[in-house]
Amino acid sequence: STGSAQTNPEKNDVEYLTPVSIGTPGQVLNLDLDTGSSDLWVFSSLTTSSQVNGQTLYDPTKSTTANQLQGYTWQISYGDGSSSSGDVYTDTVTVGGVTFSAQAVQVAKTVSSEFTSDPANHGLLGMGFGSINTVEPVAQKTFFDNIMPDLDLPLFTADLKRSAPGRYNFGYIDPSAYKGEITYVPVDNDSGFWAWTSPAYAIGSRNFGNTTLKGIADTGASLFLLPSAAVSEYYGAVFGAKYDRSQGAFTVPCDASAPDFTFVVGDHGATITVPGNYIKYAPIDDAGKTCFGGIQLDTGIGFSIFGDVALKSAFVVFNGGNRTIGWATK
Ligand SMILES: O[C@H]1CN[C@@H](c2nc(-c3ccc(C(F)(F)F)cc3)no2)C1
């Protein structure tokens with residue numbers, strides 16, 4: 001089988017939401033497909049009502065194919081400190097025309113304020129590796145784990161765009177979606193993430209250094225989080241850039257000329273270039289004078305995060321069959 005789903009950016013591309021049908025008859029929720037986690041959880045009829053704020057709710061009692069996993073629970077927290085928890089059902093789930101009939105659907109009973117205040121986000125669909133699924137007493141498989149054997153090719157692709165709809169494809173590679181060759185590199189999934197290493201990077205027209213970037217491809221993360229050496233070098237090249245202690249982040253003048261950030265993929269010279277404009281991420285003042293930086297520090301995480309600012313500059317193949325990640329320009 002193969003499938004294809006359009007994914008739609010929220011304001012400032014802070015996340016990309018994809019319609020997902022759950023249950024019989026289908027209840028369509030817009031979910032954040034997240035390669036950085038491995039739980040499929042949804043706002044539901046069981047979610048504490050004071051924590052619901054316009055989100056579409058999955059109601060398992062309205063689905064003839066829903067079955068509760070009695071006594072199973074889950075609890076997850078994300079990089080930004082947000083969190084959610086609840087119970088577990090199985091039901092039929094369809095994304096982009098690909099269906100799995102007994103998918104674990106984690107229904108939220110509680111969600112943190114960050115989720116409550118985002119009416120367009122009805123939950124997350126984790127596309128990481130199964131080892132980091134949080135369901136107790138038995139971890140559940142991700143949607144991709146479950147459909148992979150039936151896919152023509154054991155992979156999915158991410159084609160995110162700046163402030164425009166993009167696409168997740170399942171089981172095939174669309175040759176019209178990228179230019180040149182796709183360069184594949186090994187993924188180390190011991191952490192449960194799509195972890196890989198870039199051998200070097202360059203800022204603007206400077207020469208490539210020899211500093212490797214060890215990071216994860218994370219479609220659920222908005223920004224590009226890098227080591228302090230790379231971040232300082234980058235913003236050192238932007239006139240008027242500064243570290244704003246009140247924001248705890250680097251900002252740039254929205255009218256600054258920001259250099260591109262190029263990272264190497266593989267050892268045959270392939271590169272991906274993040275346009276400097278993507279790094280003038282979003283205005284933080286009404287006048288649109290100061291912009292939040294799309295590159296920020298990865299301090300304390302232990303690895304870099306190739307989030308949407310990096311991913312939307314490429315066509316990315318997540319191959320679960322041979323555990324590789326492929327990058328191509330587009
Ligand atoms: O944990 C890492 C795994 N992937 C990254 C991720 N973060 C979120 C997220 C989405 C929406 C929200 C909220 F709506 F604002 F609450 C919060 C976090 N989704 O994937 C970070």
Side-chain angles (χ1 to χ4, degrees), residues 7-18 20 29-44 47-48 50-57 74-86 95 106 108-135 139 142-144 156 158 160 166 168 187 189-196 214-226 248-249 281-282 292 294-312 316 318 325:
T7 190
N8 304 299
E10 277 210 295
K11 188 169 181 290
N12 297 327
D13 298 351
V14 72
E15 57 198 24
Y16 292 78
L17 298 172
T18 307
V20 175
L29 281 68
N30 296 325
L31 305 185
D32 179 359
L33 266 58
D34 175 24
T35 57
S37 67
S38 301
D39 286 37
L40 193 173
W41 73 263
V42 291
F43 274 82
S44 74
T47 306
T48 306
S50 62
Q51 296 173 355
V52 176
N53 165 35
Q55 290 85 0
T56 302
L57 306 177
W74 59 280
Q75 202 287 328
I76 195 163
S77 53
Y78 295 99
D80 67 340
S82 60
S83 62
S84 53
S85 68
V95 186
Q106 298 168 219
K109 289 173 72 178
T110 72
V111 301
S112 64
S113 59
E114 297 89 349
F115 285 108
T116 300
S117 58
D118 186 356
N121 180 328
H122 308 152
L124 265 72
L125 191 151
M127 304 273 277
F129 292 91
S131 60
I132 53 174
N133 175 267
T134 73
V135 172
T142 66
F143 177 74
F144 178 57
F156 64 92
L160 304 181
Y168 287 103
V187 159
N189 71 310
D190 287 355
S191 56
F193 301 121
W194 291 88
W196 70 290
K214 188 172 175 303
I216 69 168
D218 188 348
T219 56
S222 315
L223 305 178
F224 191 4
L225 307 185
L226 290 166
Y281 177 70
F292 199 87
I295 284 176
Q296 297 293 344
L297 294 166
D298 65 10
T299 312
I301 302 175
F303 44 80
S304 296
I305 305 268
F306 290 79
D308 300 335
V309 163
L311 296 169
K312 66 180 115 167
V316 190
F318 294 80
I325 186 167

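We count ligands from 1, going down the list as the structure has it; atoms in each ligand are counted the same way.
Using cut-offs of 30° and 60° on the angle between ring planes, the pair F318 and W194 is perpendicular. Taking the six-membered ring for Trp and thresholds of 30 and 60 degrees, Y168 and F156 have ring planes inclined between 30 and 60 degrees apart.
The side-chain heavy atoms of V95 and L125, taken from C-beta on, include a pair separated by under 4.5 Å.
Protein residues having at least one heavy atom under 4.0 Å from any atom of ligand 1 are E15, D32, D34, G36, Y78, G79, D80, S82, E114, F115, D118, N121, L124, D218, G220, A221, listed by chain and number.
The aromatic ring centroids of F306 and F224 lie less than 6.0 Å from each other.
At least one donor-acceptor pair under 3.5 Å links the side chain of T35 to the backbone N or O of A217.
Taking W74 as the reference, W41 meet the ring pair (Phe, Tyr, Trp, His ring centres under 6.0 Å) condition, with sequence neighbours excluded.
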